[in-house]
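I have placed the structure first, in the form of structure tokens, so that the comments after it can refer back to it.
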Amino acid sequence: MHSYRFSPKAAVTQKLESHWHRRTGQYNVQRGKAAGAALCSSSGKAPYQRCSSQDSLDEQAMVDYFREVEIIQRSGDAETQEDLQLKVADEGEQEEAWLMEAGLATLFDESASDGEDGIVLLSTLTRTQAAAVERRVETLKQTLRKRNKPYSVPDVREIFKPSPASQSKVRNGVGPGAPGGGADAETDINLEVSFSEQALIYKEGLKVTQPQNEADDRLPDFKVSQDKTGQTRVGDLSAEDMKKVRRLVLIEMSALFDTCGIEVKAHKALKVKVRESGLFGVSLSTLLEQDQRRIPGTKVPLILQHLISHIEEQGLDTEGVLRIPGAATRVKAVCHELEHKFYEGVFPWESLKQHDVASLLKLFIRELPYPLLTVEYFNAFVSVLKLPTKKQQLQALNLLVLLLPEPNRDTLKALMEFFQRVIDHKDRNKMTLNNVAVVMAPNIFMCKGFRSKISEQQEFAMATGTANIVRLLIRYQNLLWTIPKFILNQVRKQNMENQRKMNRDRAVKKLLKKMAYDRERASNKQETTACRGFIRVQAPQFSMVSMAVQLTEDLKASDVLTRFLSQERTLSVKREDLCLYEMGGNIKERCLDEETYIKALLELNPSAEWVIKSVQH
């Protein structure tokens, strides 16, 4: 059973009922046959009346939250599953793990293999990012000194001594003096300047006030100013560049919390025995291994995709579709039947009731042996609302989403998209943003091992906090799955520096010389074309191997694709499955946003090549 202690004497827990989900655009699955008649609620309760715009997460909302908690406890799911045992890292252990994850193990272990990469990474950091690294190096050093252990941690003053290059970061738009660093309107999101640098400017120039909860229709309409070089979404970059992104994001996230004076203690999970096959109570990685053997490239568990599709197909207009629970005994029986028949393709989907499907969806999330938001970053997610402004809270969530392992991030996105489609039908199903967030929060955050020793007051505070975090994840999901430009610029700088180092390596000097000669010969024709105002676009997957496109100020990636499709008339690939890629130069590979202006991007990456490829969704 869950170790969370429900408090029946609290006034807000006296009334009951339940909530849930909505669909994923990217993760389509084969839909089954439509069921016959619309399904009715299995409970005899009166219809749940709620207007589409609530004042805030008020007392009634908290009634719904603790009602869901009681439903979860009564369901008695995972009775035989071992509780997740958590441990707070020992003094110094957290800093050591952090430096390793950030690719900076060489700062405490001279034998570490990331030496050269670590030096390059350090050279691209902003002052707040450098301060975050310095703080952890110094803490580790002090810990080792206390233990009288020999250590090889360098003096932080040597690592971060001021240099003309670091001072120039401000002028180059990385540091706090960059245009728009602190002067933006509260609803403008600046992705070009480090979030932690923006937070420092805010802290130094303004008094901090704690924001109040807003109603559904009063959450700010945050907007990102148009960037001619295009937005970069999760999945647009190569695995090699994403590894660099993740390291920078970890440092930036820590710098943001440090700047705001918020300490986040990371947990680590002690090893527990989990199921090695099946559907419920199985880790995401195991589920995806099973599913990818059946459908290569699967990114979201097939069982979750089928549950979502079934609700979308038949239940989006059902009142209280994610709020009213299914019959507990029936849900358990269906769960057992799914375990035996799902992969055989003989499960009778047409016999399912909508509220039972929603309950199975919640059960799937709750029974994951490790939290969807991960043990490592669970406390960071919970701490997001301690940041002083909504903008900073969104920036922290953006960084945390990027830090999640790929299976967790893709599954979370599928859920957020599904929730939004449920909300789109709120006039009929009575499920507003607040309604969905309040009832989903305990299913996402009520993880074993996290709540065994908290007071009733902490219990209530966590309820309102986690519901607000789910609200933000749903409402701003398009922004949260975007890679900030300042992070991408730091990746570009690392790649350029790595290229310079490689060019200086004597062992490859001859090879590089020959490659340069061959490249020069091959590009002479291309350069001549570019000089005349054209770019050459490659399309090796298709019959038209390449084409010349006139370069103008207004040329966008969408225009290049349109030109290609007009000439490749026999193409069987759909337009939405094609992407123009920026390749080489200071980036490994990047799928371009269709609104990207090619000339502006060419100025940022003069050595880039342009390739059209089909995209695997």
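Just so you know, residue 1 is the first one in the sequence shown, and it goes up from there.
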If you define the side chain from C-beta out and look only at heavy atoms, does anything of [X] sit under 4.5 Å from [Y]?
{"X": "Phe108", "Y": "Glu96", "answer": "yes"}
{"X": "Phe486", "Y": "Glu192", "answer": "no"}
{"X": "Gln477", "Y": "Gln420", "answer": "yes"}
{"X": "Trp481", "Y": "Met416", "answer": "yes"}
{"X": "Ser194", "Y": "Glu252", "answer": "yes"}
{"X": "Pro388", "Y": "Gln393", "answer": "no"}
{"X": "Thr229", "Y": "Leu488", "answer": "no"}

Search all heavy atoms of [X] against all heavy atoms of [Y] and return the closest pair with its distance.
{"X": "Leu472", "Y": "Leu480", "value": "O-CD1, 3.8 Å"}
{"X": "Val69", "Y": "Pro442", "value": "CG2-CB, 3.9 Å"}
{"X": "Ala266", "Y": "Gln94", "value": "N-OE1, 3.3 Å"}
{"X": "Thr187", "Y": "Pro220", "value": "CG2-CB, 4.1 Å"}
{"X": "Leu219", "Y": "Tyr476", "value": "CB-OH, 3.4 Å"}
{"X": "Phe257", "Y": "Ser383", "value": "CE2-O, 3.9 Å"}

- Residue that, paired with Ser196, satisfies side-chain hydrogen bond (donor to acceptor under 3.5 Å, both in side chains) out of Asp258, Thr128, Thr259: Thr128
[X] and [Y]: side chain donor to acceptor below 3.5 Å:
{"X": "Gln392", "Y": "Gln198", "value": "no"}
{"X": "Thr143", "Y": "Glu95", "value": "no"}
{"X": "Asn605", "Y": "Glu582", "value": "yes"}
{"X": "Asn586", "Y": "Asn495", "value": "no"}

- Stepwise salt bridge (Lys or Arg N to Asp or Glu O under 4.0 Å) check, Lys265 with Glu263: CA-CA 6 Å; Lys265 286 285 187 185; Glu263 186 175 5; 3.7 Å; yes
Rounded to the nearest 0.5 Å, how far does [atom2] of [Y] lie from [atom1] of [X]?
{"X": "Leu121", "Y": "Gln494", "atom1": "CG", "atom2": "CD", "answer": "5.0 Å"}
{"X": "Leu601", "Y": "Lys556", "atom1": "CG", "atom2": "NZ", "answer": "14.5 Å"}
{"X": "Arg246", "Y": "Ile483", "atom1": "CZ", "atom2": "CD1", "answer": "12.5 Å"}
{"X": "Gln395", "Y": "Phe222", "atom1": "CD", "atom2": "CZ", "answer": "8.5 Å"}
{"X": "Glu603", "Y": "Ile598", "atom1": "CD", "atom2": "CD1", "answer": "12.0 Å"}
{"X": "Leu248", "Y": "Gln490", "atom1": "CG", "atom2": "CD", "answer": "5.0 Å"}

Look at the side chain of [X] and the backbone N and O of [Y], then say whether any donor-acceptor pair between them is shorter than 3.5 Å.
{"X": "Asn379", "Y": "Val264", "value": "no"}
{"X": "Arg136", "Y": "Ala132", "value": "yes"}
{"X": "Asn468", "Y": "Thr464", "value": "yes"}
{"X": "Arg409", "Y": "Leu402", "value": "yes"}
{"X": "Arg590", "Y": "Leu237", "value": "no"}
{"X": "Arg233", "Y": "Asn478", "value": "yes"}
{"X": "Asn398", "Y": "Thr482", "value": "yes"}

- Member of Thr389, Leu479, Leu399 meeting the side chain to side chain contact (heavy atoms under 4.5 Å, CB included) criterion with Leu394: Leu479
- Task: Apply the test salt bridge (Lys or Arg N to Asp or Glu O under 4.0 Å) to residues Arg475 and Asp221: give CA-CA distance (whole Å), side-chain angles for both, the deciding distance (0.1 Å), then the verdict.
- Result: CA-CA 10 Å; Arg475 173 69 184 272; Asp221 252 341; 3.2 Å; yes
- Message: Show, in sequence, the C-alpha distance, side-chain angles and deciding distance for Asp410 and Lys413, and conclude whether the side-chain contact (heavy atoms from CB on, under 4.5 Å) test is met.
- Response: CA-CA 5 Å; Asp410 289 341; Lys413 185 65 166 76; 5.7 Å; no
- Using the salt bridge (Lys or Arg N to Asp or Glu O under 4.0 Å) rule, take Glu497 and Arg500 through it: C-alpha gap first, then chi angles, then the decisive distance, then the call. CA-CA 5 Å; Glu497 187 57 34; Arg500 288 191 200 102; 2.8 Å; yes
- Message: Regarding Lys299 and Glu406, does a basic nitrogen lie under 4.0 Å from an acidic carboxylate oxygen?
- Response: yes
- Query: Taking the six-membered ring for Trp, is the centroid-to-centroid distance between Phe445 and Phe381 below 6.0 Å?
  - Reply: no
- Start with the C-alpha distance between Asp227 and Gln231, add both sets of side-chain angles, then the distance that settles side chain to side chain donor-acceptor pair (under 3.5 Å), and finish with yes or no. CA-CA 7 Å; Asp227 175 13; Gln231 285 193 4; over 6 Å; no
- Task: Check step by step if salt bridge (Lys or Arg N to Asp or Glu O under 4.0 Å) holds for Arg127 and Glu197.
- Result: CA-CA 8 Å; Arg127 72 175 162 173; Glu197 295 285 355; 3.0 Å; yes
- Task: Could you check Leu373 against Asn408 for side-chain contact (heavy atoms from CB on, under 4.5 Å), going step by step and ending with a plain yes or no?
- Result: CA-CA 7 Å; Leu373 302 181; Asn408 300 65; over 6 Å; no
